[in-house]
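Here is how names work: the chains are called A, B, and so on, in the same order as the sequence lines, proteins then strands, and each is numbered from 1. No hydrogens, no waters, no symmetry mates; every other heavy atom, side chains included, goes into these values. Computed from a predicted model, the values in this text were never measured in an experiment.
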Amino acid sequence: MCGVLRPSDAGKKAVLMGWVNRRRDLGSIVFIDLRDRTGVTQVVLNLELNSAAHDKAQALRNEYVIAAIGTVKLRDSDTINKNIPTGEVELVADEIRILNESKQPPFLPSDTALTNEETRLKYRYIDLRRDVMQFNIETRHKVAKAIRDYLSGQGFFEIETPFMTRSTPEGARDYLVPSRVQPGSFYALPQSPQMFKQILMIAGFDKYFQIVRCFRDEDFRADRQAEFTQIDLEMSYPQPERVWEVVEGFLVAAFKAAGFEIKTPFPRMDYDEAIRLYGIDKPDLRLPAFTDVRDCFAPENLQQLAVNPNLPVVAIRIPNVGELSRAERDSIKPLFISKGGAKVFEDFKRIEKNLPEAAAKIAAKSGAQAGDLLVIVAGSAQSGEQTALPPHRKVTPSELAIYASAGLLRIALAQKYAERHGVFKKSGDSAKDFRFLWVTNFPMFEWDEGEKQWMAAHHPFTSPHEEDMALLEAGVESVNDPQSPLSAVRALAYDVVLNGTELGSGSIRIHRQDVQRRIFRALGMSEDEAKARFGFFLEALEYGTPPHGGIALGLDRIVMILAGAESLREVIPFPKTARAVDLMVDAPTPVGEKQLRELGIVVKK
RNA sequence: GGGGACGUAGUUCAGUUGGUUAGAACGCUGCCCUGUCACGGCAGAGGCCGCGGGUUCGAGUCCCGUCGUCCCCGCCA
């Protein structure tokens, strides 16, 4: 292999096969850098030593596939290349065989400047030859293997579930597969194996996992692909803590496989707390939390600033940004996305000038140092009514709007000034570089403003909190009332978050028929409707279902973070574009009349 | 569905207030070169300026539309 020869191999005969990475022709002596996935070795062709081989080297071009047969030789001390692991040796070739030629590629794997992504995706087989991509795909393999090994060792069975399954009109849009033998009927590709894994619990496979492809026909982002891979698992009789322990266990193994030591257990935080401190349900702990600085202002100050005094006044602090120019301060406001009447005071200098006392208190309370950026987000007069708080909830909908607006701005600012504060740069200290977090006690229901009703925040099989059963009972008939007690029902649902990325999401499931029925009723779903959608599943629940719960983590996202990549496309061998197009194979495509006829499909233009 | 950025040689990019023959680097082709390793030197080829329309004496540059890629909001139980 091209990356393995070392000084200890000196004198040995060797055959190297690989791609011509680069050719350096000095006339009577030619150097070939030969590359395969293990690395690069220099092959020497000297006219005086072997004129036939030297002649053959004249014909070599980039990306030709060749075999070089020769002797491993220690390099003279002044010709050692310290930049590559094989740099102390070279292969003196007796013979060169051209195994295959190559057209001139649109770009070279050895290029230093990265070609645009469209070209890379079209010629993915060349892009994948680049060492970064080879590393990413290797990391992916190692991580997946470590997880398989770990879970198998813990008594989990990897069990496959169908890809061609049943469409359930919940959640994301389905990819559909038409049935030829039953024209007009369609399978759906699974958005996740959710119901199958629960059925496996009912079936007695009390520890299940699967590294499995999932499909969602929605709009895509850097961290969302049409098809993506989940580490899906489910177990019988667990407390949430037991699920977390398993996940922490396999993440330790996965990170170790990629060369990182991480510590467990991960910290835990209530959903409400995450919103209050970070304005988002997947906080990036590498950056400081919000400070509520409402009490730093005198009441007349708030009035003067037209700030709603009943709502929080949030200070966002981004450390070590340095002095901002006027233009930079002006460029903050366009980053702000106001929800529910939230407004931003992007220029802290102005607050310092007009309200020096308040500004000093804010700086002190938020722990701001010189060079830190402070931005204030507060409620305007247009903000929603402040409502009474259920005893165990810490965030009302009006507050949520403020926190969420501030949360988005916090991230936008942190990304914009990432170069300056350097918080996102890898330090080499895993405890700092990988900030894990369990976010727990999500709300069971979310208010859908469009549908004017409460919807399942996670999925309708998530178990409510034992303590909140009475609230569920009280709210079960008020699905269309935004003030319904349903707002306060917490779910036994949890997310695992890493550096502001949601890695995975899970819950303890409902195993009791009566609770499941109540949930469907609370979601405004009639008995018949529920039966039509999930009939098989509801029936299965009636045949002795053990309590069970689980989680699913995005393998692609884990590998993306481990590889230090900015996009899932960097860790998926054959990804799709934002419009779900595969540029290499050119999919999707229209199909012929005959094929459509067989499937009983007429395409409307 | 909405907002933004980008599209010029094989590749990465530059291209001034609209101005005559659209440049550079890398890559490519040929020649020279015995220790290079992003080798070096000389010479050369290579362009529907994404596509369509408009304004203009004149458009890579301005306007409208369209296609594609990327990022964000919505969406993603």
Which one is paired to [N], where only Watson-Crick or G-U wobble pairs with both distances under 3.5 angstrom count?
| N | value |
| --- | --- |
| B:G74 | none |
| B:C13 | B:G23 |
| B:C31 | B:G41 |
| B:G58 | none |
| B:G52 | B:C64 |

Using atom [atom1] in both nucleotides, what's the gap between [N] and [M] to the nearest angstrom?
| N | M | atom1 | value |
| --- | --- | --- | --- |
| B:U69 | B:A22 | P | 31 Å |
| B:G44 | B:G27 | C1' | 14 Å |
| B:A9 | B:C26 | C1' | 12 Å |
| B:U8 | B:G52 | P | 15 Å |
| B:A43 | B:A24 | P | 13 Å |
| B:G3 | B:C39 | P | 47 Å |
| B:U55 | B:U11 | C1' | 35 Å |
| B:U12 | B:C6 | P | 16 Å |

Within the supplied structure, the quantity of interest is the number of heavy atoms (other residues, nucleotides, ligands) at a distance under 6.0 Å from A:Q58 CD; does it exceed 12?
yes
Would the number of heavy atoms belonging to other residues, nucleotides or ligands and lying under 6.0 Å from NZ of A:K56 be above 12?
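It does: A:K56 NZ has more than 12 such atoms within range.
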Which heavy atom of A:I318 sits nearest a heavy atom of A:R410, and at what distance?
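Answer, listing the atom of A:I318 first, then A:R410: CD1-O, 3.6 Å.
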Quick one: list whatever passes side chain to side chain donor-acceptor pair (under 3.5 Å) with A:S478, sequence neighbours left out.
A:S484
In this structure, how many angstroms lie between the [atom2] atom of [N] and the [atom1] atom of [X], rounded?
| X | N | atom1 | atom2 | result |
| --- | --- | --- | --- | --- |
| A:N62 | B:U11 | CG | C1' | 13 Å |
| A:I337 | B:C71 | CD1 | P | 16 Å |
| A:L408 | B:G3 | CG | P | 19 Å |
| A:E218 | B:C73 | CD | C1' | 14 Å |
| A:D586 | B:U69 | CG | P | 11 Å |
| A:E118 | B:G10 | CD | C1' | 15 Å |
| A:E502 | B:C75 | CD | P | 15 Å |
| A:K416 | B:C72 | NZ | P | 16 Å |

[N] base to [X] side chain: any donor-acceptor pair below 3.5 Å?
| X | N | result |
| --- | --- | --- |
| A:D217 | B:C76 | no |
| A:N116 | B:G7 | no |
| A:R75 | B:C37 | yes |
| A:R224 | B:C75 | yes |
| A:R61 | B:G27 | no |

Flag as yes if A:F107 stacks onto the base of B:U11 (centroids under 5.5 Å, planes under 30°), otherwise no.
no
Which nucleotide in the list [options] gets nearest to the side chain of [X]?
| X | options | answer |
| --- | --- | --- |
| A:R216 | B:C76, B:C33, B:C71 | B:C76 |
| A:A172 | B:U12, B:C76, B:G35 | B:C76 |
| A:L583 | B:G35, B:U69, B:C76 | B:U69 |
| A:R579 | B:C70, B:G68, B:G1 | B:G68 |

Does [X] reach a base, just sugar-phosphate, or nothing at all? Heavy atoms under 4.0 Å.
| X | answer |
| --- | --- |
| A:D219 | base |
| A:T462 | nothing |
| A:E90 | base |
| A:Q194 | base |
| A:L114 | sugar-phosphate |
| A:A457 | sugar-phosphate |
| A:R569 | sugar-phosphate |
| A:T79 | base |

Within the pair [X] and [N], is there a side-chain N or O less than 4.0 Å away from OP1 or OP2?
| X | N | answer |
| --- | --- | --- |
| A:R24 | B:G35 | no |
| A:T115 | B:U11 | no |
| A:K73 | B:G35 | no |
| A:R221 | B:C76 | no |

Check the side chains of [Y] and [X] for a donor-acceptor pair under 3.5 angstrom, ignoring hydrogens and angles.
| X | Y | result |
| --- | --- | --- |
| A:D36 | A:T38 | yes |
| A:Q516 | A:R512 | no |
| A:D232 | A:Y208 | yes |

Are the aromatic ring centres of A:F537 and A:F461 under 6.0 angstrom apart?
yes
Between A:F215 and A:F163, is the ring centroid distance below 6.0 Å?
yes
Taking the nucleotide of RNA chain B with the nearest heavy atom to each, does A:P106 or A:K576 sit closer to the 5' end?
A:P106
Quick one: on RNA chain B, does A:R22 or A:L47 contact a more 5' nucleotide (nearest heavy atom)?
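Closest to the 5' end, via its nearest nucleotide, is A:L47.
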